[in-house]
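Residue numbers start at 1 and run along the sequence shown. For ligands, and for the atoms within them, numbers begin at 1 and follow the listed sequence.
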Amino acid sequence: MTSARLSGRTAVVTGGAVGIGQVLAQKLASEGARVAILDISDAEETVDLIVEAGGRASAHRVDLTDPAAVSSVVDAVADSVGSPDILVNNAGIYPPIPWDEITLEVWRQVFAVNVESMLHTMQAFTPAMRERRWGRVINISSSSVGLVIPDLVPYIASKMAVIGLTRGAATELAAEGITVNSIGPSLVKTPTGTSPAHLYDIVPQLQAIKRAEEPEDLAGAVAFLASDDAAFLTAQNLWVDGGLLRS
Ligand SMILES: NC(=O)c1ccc[n+]([C@@H]2O[C@H](COP(=O)([O-])OP(=O)(O)OC[C@H]3O[C@@H](n4cnc5c(N)ncnc54)[C@H](O)[C@@H]3O)[C@@H](O)[C@H]2O)c1
């Protein structure tokens with residue numbers, strides 16, 4: 001029997017057109033949530049997958065680095081699936097770039113997508129959660145912050161910032177019934193992902209569980225954090241990485 005612990009809830013998933021976000025959106029829908037997908041790319045495929053499985057979803061094309069664009073999509077989300085109770089900040093980029101080639105432009109772009117977008121969505125979607133005194137924010141960080149991976153400095157710095165943003169926002173929003181947590185995956189292969197190819201051989205061997213992580217491996221943790229079961233869990237970063245960062 002399918003559990004419906006998110007029945008009656010509405011979730012926003014950013015970056016849900018492909019990859020990890022697509023699977024997270026499907027999981028939340030399978031647990032009963034109506035889902036809005038915010039992505040700079042066309043996310044109709046994710047909507048179709050959810051609708052075919054009997055769920056309800058809508059896609060909204062938005063560049064999450066643009067705060068005005070994020071604000072302007074709030075009403076469309078509410079009209080299509082309802083005012084969100086759950087916000088999953090998943091959109092992110094991880095361009096490999098050698099240390100000597102880092103430019104301020106690349107640095108700012110990585111932070112704009114990976115960190116600032118989370119601030120914009122929190123500012124846009126948590127006011128209604130505060131009024132209802134119930135909300136869940138789940139940000140995707142990365143276990144890369146605990147590894148020595150070359151050519152990923154802007155990315156690693158941005159994901160450290162995600163953990164800091166999560167802790168700070170959790171403190172600010174706790175009194176109004178909103179929890180804010182992050183989840184740090186290991187390496188996950190996605191159709192459009194840009195991780196250096198050799199890492200797919202190396203990283204699983206460093207994990208306690210020596211197989212490649214799949215987006216599905218993250219979905220249960222996200223659904224749990226989004227549920228009533230996680231009411232007293234906030235300001236945490238949960239490593240869902242097969243034991244990669246165990247030492
Ligand atoms: N894949 C991995 O190995 C891995 C590991 C750890 C953490 N993560 C994190 O998980 C998240 C998802 O990663 P993924 O591998 O599924 O990525 P992906 O590249 O497969 O998909 C990212 C999605 O984000 C969207 N997006 C990018 N920039 C955007 C913008 N400005 N506005 C709106 N949407 C935008 C893309 O269109 C795409 O749909 C990211 O935050 C990433 O850093 C990934």
Side-chain angles (χ1 to χ4, degrees), residues 12-27 36-47 49 59-73 77 87-96 106 108-121 124 137-147 149 152 154-163 165-166 182-204 206-207 211-219 221-222 237-242 244-245:
V12 168
V13 178
T14 72
V18 292
I20 292 171
Q22 183 173 71
V23 171
L24 299 184
Q26 288 176 272
K27 175 65 174 177
I37 298 131
L38 271 50
D39 203 299
I40 201 166
S41 304
D42 181 3
E44 286 303 333
E45 181 184 280
T46 309
V47 171
L49 289 167
H60 308 267
R61 206 126 176 201
V62 56
D63 179 353
L64 294 160
T65 67
D66 178 353
V70 174
S71 304
S72 71
V73 88
V77 167
L87 167 61
V88 179
N89 279 317
N90 161 82
I93 55 172
Y94 37 97
V106 169
R108 285 180 174 159
Q109 180 63 13
V110 170
F111 269 72
V113 180
N114 292 3
V115 190
E116 290 170 22
S117 73
M118 294 187 180
L119 180 67
H120 304 327
T121 56
V137 179
I138 300 148
N139 300 324
I140 303 300
S141 62
S142 170
S143 60
S144 63
V145 304
L147 286 182
I149 301 178
L152 280 177
Y155 178 70
I156 290 168
S158 76
K159 289 299 184 178
M160 273 295 200
V162 167
I163 293 170
L165 173 63
T166 299
S182 57
I183 286 190
S186 181
L187 187 67
V188 182
K189 197 160 196 170
T190 68
T192 58
T194 57
S195 292
H198 68 281
L199 292 180
Y200 295 104
D201 295 325
I202 297 169
V203 174
L206 299 173
Q207 298 165 188
R211 65 162 173 82
E213 182 164 12
E214 303 289 340
E216 288 74 8
D217 290 315
L218 296 162
V222 171
N237 180 70
L238 186 61
W239 302 119
V240 184
D241 66 355
L244 180 65
L245 298 188

Requested in this report: Could you grab the distance from atom CG of Leu64 to atom CG of Leu119, nearest 0.5 Å is fine?
Outcome: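 The CG atom of Leu64 sits 12.0 Å away from the CG atom of Leu119.
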
Could you walk me through whether His60 and Val77 satisfy the side-chain contact (heavy atoms from CB on, under 4.5 Å) test, starting with their C-alpha distance in whole Å, then the side-chain angles of each, then the deciding distance to 0.1 Å, before giving a yes or no?
CA-CA 8 Å; His60 308 267; Val77 167; 3.8 Å; yes

For Lys159, all residues meeting salt bridge (charged side-chain N to carboxylate O under 4.0 Å, His left out), sequence neighbours excluded:
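Result, salt bridge (charged side-chain N to carboxylate O under 4.0 Å, His left out) vs Lys159: none returned.
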
Checking Thr14 against Asn90: is there a side-chain donor and acceptor pair closer than 3.5 Å?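 Result is no, nothing qualifies.
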
Contact table, ligand 1 N/O with protein N/O, distance under 3.5 Å:
unit_1   : atom_1 : unit_2 : atom_2 : d
ligand 1 : 1 (N)  : Tyr94  : OH     : 3.3
ligand 1 : 1 (N)  : Val188 : O      : 2.7
ligand 1 : 3 (O)  : Val188 : N      : 2.7
ligand 1 : 3 (O)  : Val188 : O      : 3.1
ligand 1 : 15 (O) : Tyr94  : OH     : 2.6
ligand 1 : 15 (O) : Thr190 : OG1    : 3.4
ligand 1 : 16 (O) : Ile20  : N      : 2.9
ligand 1 : 20 (O) : Thr190 : OG1    : 2.8
ligand 1 : 20 (O) : Thr192 : OG1    : 3.3
ligand 1 : 31 (N) : Asp63  : OD1    : 3.0
ligand 1 : 32 (N) : Leu64  : N      : 3.0
ligand 1 : 34 (N) : Ile40  : N      : 3.1
ligand 1 : 37 (O) : Asp39  : OD1    : 2.6
ligand 1 : 37 (O) : Ser41  : OG     : 3.1
ligand 1 : 39 (O) : Asp39  : OD1    : 3.4
ligand 1 : 39 (O) : Asp39  : OD2    : 2.6
ligand 1 : 41 (O) : Asn90  : O      : 2.7
ligand 1 : 41 (O) : Lys159 : NZ     : 2.9
ligand 1 : 43 (O) : Tyr155 : OH     : 2.7
ligand 1 : 43 (O) : Lys159 : NZ     : 3.2

Show your working on side chain to side chain donor-acceptor pair (under 3.5 Å) between Asn114 and Ser158 and close with a plain yes or no.
-> CA-CA 6 Å; Asn114 292 3; Ser158 76; 3.1 Å; yes

From Ser142, Ser143, Ser141, residue fulfilling side chain to side chain donor-acceptor pair (under 3.5 Å) relative to Asn237:
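Testing Asn237 for a side chain to side chain donor-acceptor pair (under 3.5 Å) against Ser142, Ser143, Ser141 leaves exactly one candidate, Ser141.
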
